[in-house]
Amino acid sequence: MFEAWRAAARTAIGHRIAPVDIDWTGNSASLFEAQSLPDEPGLHQAHVPPAFIKLAGSVIWHSAPERLSLLYQALWQLDRRQGDPLSHADPLGHRLNLMAKSVRRDIHKMHAFVRFRELPAEGRRRFAAWFEPEHATLIPGSSFFVKRFADMDWMIATPRLTARFDNGRLSFCPGGVRPDLPEDASETLWATYFANIFNPARIKLDAMRSEMPKKYWKNLPETQLIPDMLRDAQARVERMQEAAATAPRPGAAAVSTRYRATMPQSPELPATLEEACEGALQCRRCGLCEPATQTVWGEGPPTASLMMVGEQPGDREDLEGRPFVGPAGQILRAAAREAGVDPEQTWLTNAVKHFKFTPRGKLRLHQSPNRQEIQHCRWWLGLELAFIQPRMVLALGASAAYALTGNSAPMAGRRGQVESTMHGGSVLISWHPSYILRVKDPAERAKALAELTEDIGTAWKASRISSA
């Protein structure tokens, strides 16, 4: 369809036929053949941006009969540089973009709401489905099913067209009325699953109808359950509330106490760096240990003269159990080498030993620890300082600076300054490498990176002079 229209439109624009002089109404390919004029050498060639090709590739499947005329009108305006028919600010562009959005939504609904039923077959399994799309979207929507169900034969019938996938080959034939499809045992399983994931306490009818319009309900087996589930929703909520209010069974507290008693406990005061590390693995001083994968202890030689302290482990550090191995860590290690410092000869650690995050889909988004969490974890940082006894400490970022000095003043006036730690040592304040990752301006980012590199070199020299 699109290539046929494109060829006809290319010829028409080449002959400079105005939109008002060409009739695009019709539903068959003969329309294009009848209105296409022969190509001739020297014909005008229209040049359009890729965005128009993408837009037209969606609009072409819209059910509106005027779609072809509107697309040619947009092509005419682009060729003559009249307005911007690709922009939502342009009336024609706004209309075309709404049509393209409707087509994309229709394809999405097809992917979500097609329900196959298995047919009797020998050899490859065979399935069939009936669907009623709003637009002529079966052809562009079928590639999804080809990729997902390549190991079986299937048919999707619609009023306009029918798609058949047999032995790895996709073909199309005319549509028609809904075929008589057999009952499928898997529908009962699907309905059971749908009923069990239904949460009566979170009913939003407008959102439900938006995501699953009622025109699709008649072809979805699970929607037959919705009226009864809605009628029973309030009673189910009350039953859930009653169940949530039940008291624990007798003896539960004793069982819980015995269980916690069997868990490994950290020593009250570790005698060595190794004992401190083992104790941190069992830390329960705050709630950050619950969602985190593991404690991330410091790393480096126990006699290191320079300790670099960050805020907390990131996603990569939480998974690998090592400090500064993620994107920010790569910047820190590269800056250290640029300053002539081998990061493996320093003690790398964090003010907080567990990763604090907010789940967002498959991602875990970083959250800065609050003061209470920093204070709870300051116990472990103090043990690291006591056992390693570095000559100089480099605080990377505001959280590390607060953990080491107790001072929560802004970083802007402190970066590059030497302050005293709460344990009486010296600490140089610098940027955290994750801050450099967040700076959008290239010049500002380069400046911050240069300052971090300078501070690492300064801290290293001070630690070597003190140790000498």
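Residues: numbered from 1 along the sequence shown.
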Point to revise | Test log, rule side chain to side chain contact (heavy atoms under 4.5 Å, CB included), inputs Arg117 and Phe127 | key: CA-CA 5 Å; Arg117 295 184 177 183; Phe127 294 81; over 6 Å; no
State the [atom1]-[atom2] distance between [X] and [Y], to the nearest 0.5 angstrom.
X: Ile139; Y: Thr137; atom1: CD1; atom2: OG1; value: 10.0 Å
X: Arg316; Y: Phe324; atom1: CZ; atom2: CZ; value: 14.0 Å
X: His15; Y: Asp21; atom1: NE2; atom2: CG; value: 14.0 Å
X: Leu452; Y: Leu396; atom1: CG; atom2: CG; value: 6.5 Å
X: Gln82; Y: Asp90; atom1: CD; atom2: CG; value: 11.0 Å
X: Gln375; Y: Cys377; atom1: CD; atom2: SG; value: 11.5 Å

Pairwise side-chain contact, [X] with [Y], heavy-atom cut-off 4.5 Å (strictly under):
X: Ser430; Y: Ile456; answer: no
X: Asp79; Y: Val48; answer: no
X: Thr293; Y: Phe355; answer: no
X: Arg337; Y: Pro343; answer: yes
X: Lys353; Y: Val296; answer: no
X: Arg160; Y: Leu138; answer: no
X: Cys173; Y: Leu161; answer: no
X: Ile60; Y: Trp5; answer: yes

Return yes if a side-chain donor-acceptor contact under 3.5 Å exists between [X] and [Y], otherwise no.
X: His432; Y: Ser434; result: yes
X: Glu299; Y: Trp347; result: no
X: Thr453; Y: Glu338; result: no
X: Glu132; Y: Trp130; result: yes
X: Glu134; Y: His62; result: no

Closest heavy-atom pair and its distance - [X], [Y]:
X: Val309; Y: Asn350; value: CG1-C, 3.9 Å
X: Pro433; Y: Ile331; value: CB-CG2, 3.9 Å
X: Gly287; Y: Pro291; value: O-CD, 3.4 Å
X: Phe172; Y: Ala163; value: CE2-CB, 3.6 Å
X: Ala448; Y: Tyr435; value: CB-CE2, 3.9 Å
X: Ile22; Y: Ala12; value: CD1-CB, 4.0 Å

Would you find a donor on one side and an acceptor on the other, under 3.5 Å apart, between the side chain of [X] and the backbone of [Y]?
X: Gln294; Y: Leu319; value: yes
X: Glu444; Y: Val439; value: no
X: His366; Y: Phe357; value: no
X: Asp106; Y: Pro133; value: no
X: Arg164; Y: Met155; value: no
X: Glu317; Y: Gly326; value: yes
X: Thr346; Y: Leu348; value: no
X: Arg16; Y: Ile13; value: no
X: Gln312; Y: Gln367; value: yes

Exercise for review: Tell me, please, whether Tyr402 has Arg371 positioned over its six-membered ring: NZ or CZ under 6.0 Å from the ring centre and within 45 degrees of its axis?
Suggested key: yes
Point to revise | Arg364/Thr358 under side chain to side chain contact (heavy atoms under 4.5 Å, CB included): CA gap, chis, key distance, verdict | key: CA-CA 6 Å; Arg364 302 192 299 173; Thr358 298; over 6 Å; no
**Study point:** Heavy atoms from other residues, nucleotides or ligands near CZ of Arg285 exceed 12 (cutoff 6.0 Å)
**Key:** yes
Check your understanding: Has Arg148 got more than 12 heavy atoms of other residues, nucleotides or ligands less than 6.0 Å from its CZ?
Key -> no
Exercise for review: Output, in order, the C-alpha distance, side-chain angles, deciding distance and verdict of ring-ring contact (aromatic ring centres under 6.0 Å, His included) for Trp154 and Phe149.
Suggested key: CA-CA 8 Å; Trp154 48 263; Phe149 304 115; 7.3 Å; no
Practice item. May I have the step-by-step check of side chain to side chain donor-acceptor pair (under 3.5 Å) for His354 and Glu373, ending in yes or no? Key: CA-CA 10 Å; His354 288 108; Glu373 290 160 345; over 6 Å; no
Exercise for review: Please determine which of Gln77, His94, Arg95 meets the side-chain contact (heavy atoms from CB on, under 4.5 Å) test together with Pro85.
Suggested key: Gln77
Practice item. Verify side chain to side chain contact (heavy atoms under 4.5 Å, CB included) between Arg125 and Asp153, making sure each step is shown before the conclusion. Key: CA-CA 6 Å; Arg125 301 176 68 185; Asp153 295 336; over 6 Å; no
Check your understanding: Under the ring pair (Phe, Tyr, Trp, His ring centres under 6.0 Å) test, which residues partner Phe2, sequence neighbours left out?
Key -> none
Practice item. Apply ring pair (Phe, Tyr, Trp, His ring centres under 6.0 Å) to His111 and list each qualifying residue two or more places apart in sequence or on a separate chain. Key: Phe144, Phe145
Check your understanding: Should the ring pair Tyr72 and Trp24 be called parallel, tilted or perpendicular, given that the plane angle runs from 0 to 90° and is split at 30 and 60?
Key -> tilted
Exercise for review: Could you go through the salt bridge (Lys or Arg N to Asp or Glu O under 4.0 Å) check for Arg415 and Asp455 one step at a time?
Suggested key: CA-CA 9 Å; Arg415 182 260 125 198; Asp455 292 339; 2.6 Å; yes
Review point. Charged N to carboxylate O below 4.0 Å: is that the case for Arg126 and Asp166?
Key: no
Review point. Hey, mind stepping through Leu170 and Ser142 against side chain to side chain contact (heavy atoms under 4.5 Å, CB included) and telling me if it holds?
Key: CA-CA 9 Å; Leu170 179 65; Ser142 295; 4.0 Å; yes
